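Keep in mind it's a predicted model, so treat the numbers as computed, not measured. Sequence positions, counted from 1, serve as the residue numbers for this chain.
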Amino acid sequence: MAVNLSNLRPPRGSRHRKVRVGRGIGSKMPKTAGAGNKGQKSRKGFSRRPGFEGGQMPLHRRIPKRGFHNIFRTEFAVLNVDRLNVFSAGEVVTPELLVERGLVRQASLPVKILGEGDLKAALTVRAHAFSQSAEEKITSAGGRVERLP
């Protein structure tokens with residue numbers, strides 16, 4: 001039989017009729033419509049907020065908080081100096097180039113260069129921040145450091 005627009009049908013059993021709850025005693029879900037009897041959760045429009053434990057003190061408030069959490073901190077995509085050895089001498093290293101080469105994953109974060117390892121090539125490195133040791137290693141290798149705003 002040829003398939004055309006006049007005889008297209010979804011596969012048998014793939015489409016289910018919606019169960020209409022609370023529509024009388026002869027339906028699949030009469031009266032309480034699967035919500036049980038009484039209480040806040042059986043009422044219409046009820047929605048429980050995340051972490052709600054039925055009035056019990058929720059876990060995120062029971063556990064002690066420690067330390068200082070600076071909500072204004074700037075998160076950096078960090079990269080050590082030794083990872084820059086993939087670039088050839090004289091090349092200008094920018095955050096866009098680092099993302100392109102897969103050395104930095106998040107392009108939205110500012111880039112900070114840290115001083116772990118040694119740099120073999122003289123590079124011009126453009127980044128948002130540098131550790132003191134990274135700056136020294138880049139300049140001692142004959143390269144230049146440029147801070148981005």
**OP:** Look at the side-chain heavy atoms of Ile, Leu, Val, Met, Phe, Trp and Tyr, link any pair under 4.5 Å apart, and say whether Phe76 and Ile113 land in one connected group.
**Re:** no
**OP:** List in chain and number order the residues that pass side chain to side chain donor-acceptor pair (under 3.5 Å) with Ser108, two or more places apart in sequence or in another chain; answer none if no residue qualifies.
**Re:** none
Using residues 86-101 as the side-chain source, report each donor-acceptor pair under 3.5 Å to any protein atom, sequence neighbours left out, with the distance given to one decimal.
from	atom 1	to	atom 2	distance (Å)
Ser88	OG	Glu91	OE1	3.1
Glu91	OE1	Ser88	N	3.1
Glu91	OE2	Arg101	NH2	3.4
Thr94	OG1	Leu97	N	3.3

Subject >> Check: Ser42 main-chain N/O paired with Asn37 side-chain donor or acceptor under 3.5 Å >> reply: no
Subject >> Pair listing, side-chain hydrogen bond (donor to acceptor under 3.5 Å, both in side chains) test, anchored in residues 60-84, at least two apart >> reply: Glu53-Arg62, Arg73-Glu75
Subject >> Partner residues of Gln132 under the side chain to side chain contact (heavy atoms under 4.5 Å, CB included) criterion, sequence neighbours left out >> reply: Glu136
**OP:** For Gln40 and Arg48, run side chain to side chain contact (heavy atoms under 4.5 Å, CB included): C-alpha distance rounded to whole Å, both residues' side-chain angles, the deciding distance at 0.1 Å, then the answer.
**Re:** CA-CA 10 Å; Gln40 187 181 19; Arg48 186 185 299 136; over 6 Å; no
**OP:** Report yes or no: do Leu109 and Phe130 belong to one cluster of Ile/Leu/Val/Met/Phe/Trp/Tyr joined by side chain heavy-atom distances under 4.5 Å?
**Re:** no
Which pairs of donor and acceptor atoms, one on a side chain in residues 13-25, lie under 3.5 Å apart (sequence neighbours left out)?
from	atom 1	to	atom 2	distance (Å)
Ser14	OG	Pro11	O	2.8
His16	NE2	Gly13	O	3.3
Arg23	NH1	Val21	O	3.1

Could you list the donor-acceptor pairs under 3.5 angstrom formed by side chains in residues 114-129, with sequence neighbours left out?
from	atom 1	to	atom 2	distance (Å)
Arg126	NE	Glu146	OE1	2.6
His128	ND1	Val111	N	2.9

